[in-house]
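Computed from a prediction, not measured in an experiment: that's the story for all the values here. Each chain gets a letter, A, B and so on, in the order its sequence line appears, and its residues count up from 1.
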Protein chains: 2
Amino acid sequence: MSEKVTIYDIAEKLNITAATVSRALNNNPKIKEATRELVIRTAAEMNYKQNKLALALKSGRSNNIGVIVPRIDSNFFASVIRGIEEELYPHGYQVIICQTHESIKRENENLHTLVDAQVDGIIMSVTGISNENDSAFRNVLEKNVPLIFFDRSKHIDGVSSVTINDFKGGYLATKHLIDEGCRNIAHFSGNQSLDIFKNRFLGYKQALLDSGLTFKEEYVIHTKSSVEAGKEAVDILLNLETPPDAIFSASDFAALGAIQELQFRNISIPNEFCVAGFSNEPFTKFMELSITSVDQSPLEMGKMSARVFLEQVAKTDTIKIEKKVVLAPELHIRKSSTRTNF
Amino acid sequence: MSEKVTIYDIAEKLNITAATVSRALNNNPKIKEATRELVIRTAAEMNYKQNKLALALKSGRSNNIGVIVPRIDSNFFASVIRGIEEELYPHGYQVIICQTHESIKRENENLHTLVDAQVDGIIMSVTGISNENDSAFRNVLEKNVPLIFFDRSKHIDGVSSVTINDFKGGYLATKHLIDEGCRNIAHFSGNQSLDIFKNRFLGYKQALLDSGLTFKEEYVIHTKSSVEAGKEAVDILLNLETPPDAIFSASDFAALGAIQELQFRNISIPNEFCVAGFSNEPFTKFMELSITSVDQSPLEMGKMSARVFLEQVAKTDTIKIEKKVVLAPELHIRKSSTRTNF
DNA sequence: TACTTTCGTGTAATCGATTACATGATTTTT
DNA sequence: AAAAATCATGTAATCGATTACACGAAAGTA
């Protein structure tokens, strides 16, 4: 029943103008103290709420920020979003969520929709790599909307990014497997047109070389991030002339699939075979045979992305700042790869 | 560099008025075909984007919908949000996320912020039960903003809700444990001022009574939804005069904690002791000893909530419709409670 | 007292789009 | 050919807030 109350309603009631009401509510020093108090009291009585849309239209700032992720129901992305929301909440920003479902078409649509909706910035994890696609990103930058990539990044001028050192993550995990005595280490990789998978792979390779082990092409399997894919990949590996004795998987889910398949074949983990994953999904530590994994500190990644955004908008000058933040990965060593400790 | 292009810019360039441009872009039938084409072509050339804020201010509809959850980084809530987003995406709505972190103060703040931001509706899972709190909800309804509760609901006139039949979920899980031969079944409950926990408990109790088993107050432990809480609760139960031989936990995390503690004490699951949880968290099926759990079909719950919202706004008349949708829970029977199958 | 500041508030433009109403140009009707 | 109907577009108000500028009143200065 209570219709929306505007400053005009307050003005009418008090026989003053809307301008005065606006000034009173905004603590403009030119307003008489008595008037200010009267206005504020009346506004409260009438249950007045500022219409943020009008404010947004006038100021050109919506106080909304868009977040684009492949999907929200993954622990990693949900945690990043949590971090973003927590960091931005005290600054009065609202977070708008978009999912791409790994579709570049959807990614472009989302970018346009968010720009249309006048968001003050976009924080996203890139869905795929395609050349045409860049036009959508460029469109965002042309409208002077700050754009920040996290995790899955892409090289575009004027775009800041927050990632983890995937190379180091791959290196640490692989080195650990070597230290446990593994000598034939396979790797489950993702789509290497994405930097994250490319770098995890390179880290893996470098660790092998640094330890004097030979890198074998046939030990690298490209899998999807699923349990099923992990099982299938193990099947392939075990049919090789020299089957591996360890796997560093760029996906926890594929690592889990591998473990299930190995156990099904009565191969003992970690004694005969070691496995390490990536992402530190919650289930990795819950398993009875807990899984070694590389943590990406998603919460911190989200907060950091939000902070980079805030810095970006704080800069009043139009000089574009491009910041590249790289977080350190952390290897969580668990039972799936710990031979010395049982 | 490309500043924002408005319909006025297009109008100026074509020596017509903004009104004509607006009409041409909106397929108003009164516009000459040649003009329409010219305007549309020019708009595309100039990279014109409609300013949704201006539209929103004029129309009073922001095309944003607010979603309030305790936290986003839980599989359940993330999945619900995914469902909401997917259902609303084709209708042009954007989803704004807010977290309460289980704080009623934050919940109220979020409600006010969303109303201020002129969202077209609010879909939420209630954080807590408090009497004062109702004023925040009432404020939403007074502004004629559709409000929909999911999962954790509350009885307020004019508010629709989408929940699962928690009573039935509790009943099914408990009945299953009984069928497996368990006779002393304990229950981990949550805050029973929330309907969901109250109903899971009642379902548990009813299943006991229907099977002729006696309900024992000391078998009901109030735990938080955490692994640690589950361990502590087992400690209490095993010290009872007649320790139980099964647990129906209203939380998967507590169920996991219970299992870890039981295994630590060398109590064999499921032979000596059965466990069932609630929520069907991803890890429950990944475990080596997979955990029986009640599925809440969160994706479907999200989609259904969105549909109820859409129905609500479709009704042009101001008659308030209040819809209560109750989804059926599904028991996923797994190793932690399956004695017959090993 | 006359003149300059300062103070508090009103006037009106603005943000970008939509739309009821007005108007002039065509076309149709008789 | 005059009147009526139709068509295409322009004019201006509107959504709700902010703010540069204007202005009258009160206060300070000489």
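- Residues B/Val145 and B/Asp120 approach most closely at CG1-C, 4.2 Å, considering heavy atoms.
- Residue A/Asn63 contributes atom CG, which lies 15 Å from atom P of D/dA17 at whole-angstrom precision.
- No side-chain donor-acceptor contact under 3.5 Å links B/His91 and B/Asn63.
- For the pair B/Lys105 and B/Glu109, the salt-bridge criterion is met [side-chain N within less than 4.0 Å of a carboxylate O].
- The side chain of A/Asn51 lies closest to D/dG16, out of C/dA17, D/dG16, D/dT19.
- Rounding to the nearest 0.5 angstrom, the gap separating the OG atom in A/Ser22 from the CD1 atom in A/Ile10 is 10.0 Å.
- As a whole-Å value, the separation of A/Ile16 CD1 from C/dC7 C1' is 16 Å.
- Applying the 4.0 Å criterion to OP1 and OP2 of D/dG16, one finds that A/Thr6 has every side-chain N and O outside that range.
- Not one side-chain nitrogen or oxygen of B/Ser22 sits closer than 4.0 Å to the OP1 or OP2 atom of C/dA17.
- Non-hydrogen atoms lying under 4.0 Å from DNA chain D are contributed by B/Arg23, B/Lys30, B/Ile31, B/Lys32, B/Thr35, all within residues 23-35 of chain B.
- Proximity note for A/Leu55 (side chain, C-beta onward) versus D/dG10, D/dA17, C/dG16: the nearest is D/dA17.
- A straight line from CG of B/Asp9 to P of C/dC15 spans 10 Å, rounded to a whole angstrom.
- With respect to the salt-bridge test (charged N to carboxylate O, under 4.0 angstrom), the residues A/Arg82 and A/Glu86 qualify.
- Note: B/Thr127 OG1 to B/Met124 CE = 6.5 Å, rounded to the nearest 0.5 Å.
- Proximity of residues 113-122 of chain A to DNA chain C (heavy atom under 4.0 angstrom from any strand atom) is not detected for any residue.
- Distance from the side chain of B/Lys58 is smallest to D/dT14 among D/dT14, D/dG10, D/dA17.
- Taking 4.5 Å as the limit, every side-chain heavy atom of A/Ser160 sits out of range of all side-chain heavy atoms of A/Lys324.
- C/dT18 atom P lies 12 Å from atom CG of B/Leu57, rounded to whole Å.
- Comparing A/Ile7 and B/Asn15 by the nucleotide of DNA chain D that holds the closest heavy atom to each, the one mapping nearer the 5' end is B/Asn15.
- Here C/dA17 is the nucleotide among C/dA17, D/dA17, D/dG10 with the atom lying nearest to any side-chain atom of B/Tyr8.
- Counting heavy atoms of neighbouring residues, nucleotides and ligands inside a 6.0 Å radius, atom NZ of B/Lys49 exceeds 12 of them.
- C/dT9 atom P lies 10 Å from atom CG of A/Leu38, rounded to whole Å.
- Taking atom CG on A/Leu53 and atom P on C/dA17, their separation rounds to 15 Å, with Å as the unit.
- Remark: A/Arg106 is positioned above the aromatic ring of B/Tyr89, its terminal NZ or CZ atom under 6.0 angstrom from the ring centre and at most 45 degrees off the axis.
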Test side chain to side chain donor-acceptor pair (under 3.5 Å) applied to B/Thr100 and B/Ser103, step by step: CA-CA 5 Å; B/Thr100 68; B/Ser103 145; over 6 Å; no
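- Rounded to whole Å, atom P of C/dG16 lies 13 Å from atom CD1 of B/Ile10.
- Between B/Thr17 and the phosphate of D/dG10, there is a side-chain N or O to OP1/OP2 separation shorter than 4.0 Å.
- What separates CG of B/Leu14 from P of D/dG10 is a distance of 10 Å, to the nearest Å.
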